[in-house]
There are 2 protein chains.
Amino acid sequence: MLTKKSQYAFKALGYLADKQKDGPVLISEISKKKRIPLKFLENILLELRKAGILESKKGKGGGYFFKKDPADVKMATVIRLIDGPISMLPCVSLYFYERCKNCDEKHCGLHDVMRQVRDVTLEVLESRTLADLKD
Amino acid sequence: MLTKKSQYAFKALGYLADKQKDGPVLISEISKKKRIPLKFLENILLELRKAGILESKKGKGGGYFFKKDPADVKMATVIRLIDGPISMLPCVSLYFYERCKNCDEKHCGLHDVMRQVRDVTLEVLESRTLADLKD
DNA sequence: CTATTAGTCTACTCGATTAGTAGGTTTATA
DNA sequence: TATAAACCTACTAATCGAGTAGACTAATAG
C-alpha cells in the first residue's frame, strides 16, 4: 500500500500539473482544494522541491510550481522518493537492494516470482508520468 | 514490501512442500532449517491451518503438513491472508476495497494507473502457486 | 525601511503496526 | 501415566505513519 503521504503527493502534483500555466500556487490553496492537512503538505512539497521536481518562490505572489515538465517525471520516481521501495522484497529491489539471508538467490522460487512482479509493476510505473494525473 | 511474517510463511510453506511425502514436519524442524523464530513460526502456521491451507497433528509423530495441494494455493491467497491488501490503493483493491474520499473514481488518473498495476501484479500472483516454491 | 506574505526548518507527539516472547493448556501416542 | 507436540492468550519493545507546533528566512509592496 502507498502511504497517505505519497497519495497526498500525487494529489498535489496533479493539481499543480493542471495549474501549470497560472504561475506559483499557494500551499494553502492546494491544501484547501485537495483537502490535505496544511503542515503535512508543507513537508511533502519541500521534499519534492529538494528532489528537483518542484520549484518555489517566497513572499507575495509566491508559491509552488513545476521545475521539470510533468511528462518527464515518472510515477515510480515519486513513489521511491516518498515511500521508498516499490518491490515486494529487498532482494529484488533495484534502488533499495539488500541481499537476503538464508535464501540462495540462484534457486529461490519466491525470489523469482517477486522479481517478475517487480518487472511488470515497473513497466507501468516507469512509463506513466505526472502528466497522466491531469484531468 | 511484504512483512517478515509473510516471508517466513513462504519459507515455511516451501519447506513443507518439499517434505510433502514425508508426513508431519515439526515446527521446531522448520524453525531450525529455515531460521525462523520458533514462537513466531507457531503463530504463522496456526493461521495457515485455520485458513485451511495446512493441517496439523498433535503428540508424538505429529507436526504440520499440507491439507490442500500446494499447486492449488495461489501466492496471492497467502499474501492476502498474512499481510492483507496487495493493491497500492484501497480504492482499487478487490478484497479490501474502500471508496476514496475527495477523488472521483470516474476520472482519477492515479486510480487508473494503480488499477493497471493491480492487474499486472495479480496476473502473476494469481497464476503462481506454492508448488513454485519447491526447489 | 518596515509590514506583510509566504515558504523553510527542526523537532515533537501519539497511535498503530511489526516483530517478536512468555507461559500455561490441550491432545495424541507409547 | 509420562511425554511429545501443537494450541492459545496475552504481553512487550521498537519502529513507522500521520500529523502538529512554532520559530526562522526571504521576497515584495507601500
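Letters A, B, ... mirror the listed sequences (proteins, then strands); counts begin at 1.
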Value in whole Å for how far the C1' atom of dA6(D) lies from CD of Glu47(B)
16 Å

Heavy-atom protein contacts under 4.0 Å, nucleotides 7-20 of chain D, coded B base, S sugar-phosphate only, - none
BB---------SBB

Should Val25(B) and Phe65(B) count as side-chain neighbours, where that means a heavy-atom distance under 4.5 Å?
no

If we only count heavy atoms from C-beta on, is the Ile30(A) to Tyr15(A) side-chain gap below 4.5 Å?
yes

Do any side-chain atoms of residues 116-131 of chain B form donor-acceptor pairs under 3.5 angstrom with protein atoms, and if so which ones, sequence neighbours left out?
unit_1    : atom_1 : unit_2    : atom_2 : d
Gln116(B) : OE1    : Arg128(A) : NE     : 3.4
Gln116(B) : OE1    : Arg128(A) : NH2    : 3.0
Arg118(B) : NH1    : Val92(B)  : O      : 2.8
Thr121(B) : OG1    : Val117(B) : O      : 2.7
Glu126(B) : OE2    : Arg80(B)  : NH2    : 3.3
Ser127(B) : OG     : Glu123(B) : O      : 3.0
Ser127(B) : OG     : Val124(B) : O      : 3.0
Arg128(B) : NE     : Gln116(A) : OE1    : 3.4
Arg128(B) : NH2    : Gln116(A) : OE1    : 2.9
Thr129(B) : OG1    : Ala131(B) : N      : 3.1

I'd like a table of donor-acceptor pairs (distance under 3.5 Å, sequence neighbours excluded) in which one partner is a side-chain atom from residues 66-75 of chain B, with atom names and distances.
unit_1   : atom_1 : unit_2   : atom_2 : d
Asp69(B) : OD1    : Ala71(B) : N      : 2.9

Sequence neighbours excluded, which residues qualify as ring pair (Phe, Tyr, Trp, His ring centres under 6.0 Å) partners of Phe96(B)?
none

For DNA chain D, whose closest nucleotide is more 5', that of Ser28(B) or that of Gly61(A)?
Ser28(B)

Full working for salt bridge (Lys or Arg N to Asp or Glu O under 4.0 Å) between Glu42(A) and Lys39(A):
CA-CA 5 Å; Glu42(A) 276 185 14; Lys39(A) 297 296 281 180; 3.4 Å; yes

Is there a donor-acceptor contact under 3.5 Å from the side chain of Ser87(A) to the main chain of Pro90(A)?
no

Going 5' to 3' on DNA chain C, which nucleotide is the first and which the last to come under 4.0 Å of a heavy atom in chain A?
dT5(C) to dC9(C)

Enumerate donor-acceptor pairs with a distance under 3.5 Å from any side-chain N or O in residues 45-53 of chain A to protein atoms, sequence neighbours excluded.
unit_1   : atom_1 : unit_2  : atom_2 : d
Glu47(A) : OE2    : Lys5(A) : NZ     : 2.7

